[in-house]
Amino acid sequence: MNTTTEILTILQEEAAEVIQVASKIHRFGHHPDNMKKLAEELGDLQCMINLCIEYQIVDEAMLQIYAKDKRHKLKTWSNIPV
């Protein structure tokens, strides 16, 4: 397995783990253990996003543009005060 493939595979795994923890928080509540696990999994995911940038799988400038675009969409399509 080459480096890009390995990074993307682990990225998928970490994204799935974030989904799983978020689901458990919905089911069982915002207990400190659940919130700690969410922070851990988000940290793992952030690490993999950083590696995607470092290995030029994605362009950091474009990532920032898309993140800003998403914040703008959230103003329209969610109730999150951004």
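Numbering starts at 1 and runs along the sequence shown.
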T76: partners by side-chain hydrogen bond (donor to acceptor under 3.5 Å, both in side chains), with sequence neighbours left out: none
Salt bridge (charged side-chain N to carboxylate O under 4.0 Å, His left out) partners of residues 41-66, not counting sequence neighbours, each pair once: K37-E41
For Q46, enumerate each residue passing the side-chain hydrogen bond (donor to acceptor under 3.5 Å, both in side chains) test, keeping only those at least two apart in sequence or located in another chain. N50
Under a side-chain separation threshold of 4.5 Å, the hydrophobic residues clustered together with W77 are none
Distance from E14 atom CD to C47 atom SG, nearest 0.5 Å? 8.0 Å
Mind checking side chain to side chain contact (heavy atoms under 4.5 Å, CB included) for K70 and listing every partner two or more places apart, or none if nothing turns up? L74
Sequence-distant partners of K36, side-chain hydrogen bond (donor to acceptor under 3.5 Å, both in side chains), two or more places apart: E40
If you link ILVMFWY side chains whenever their heavy atoms are less than 4.5 Å apart, which other residues fall into the same cluster as L11? By chain and number, please. I7, L8, I10, V18, V21, I25, M35, L38, L42, L45, M48, I49, L51, I53, Y55, I57, V58, L63
Residues joined to I65 in its hydrophobic cluster, side chain to side chain under 4.5 Å directly or through other members, sorted by chain and number, are M62, Y66
Return the set of residues passing side-chain hydrogen bond (donor to acceptor under 3.5 Å, both in side chains) with D33 (not counting sequence neighbours), or none when no residue passes. none
So CD of Q12 and OG1 of T9: to nearest 0.5 Å the spacing works out to 5.5 Å
Among residues at least two apart in sequence or on other chains, which ones pass side chain to side chain contact (heavy atoms under 4.5 Å, CB included) with S23? R27
Residues at least two apart in sequence or cross-chain that pass side chain to side chain contact (heavy atoms under 4.5 Å, CB included) with Q56, listed by chain then number, are none
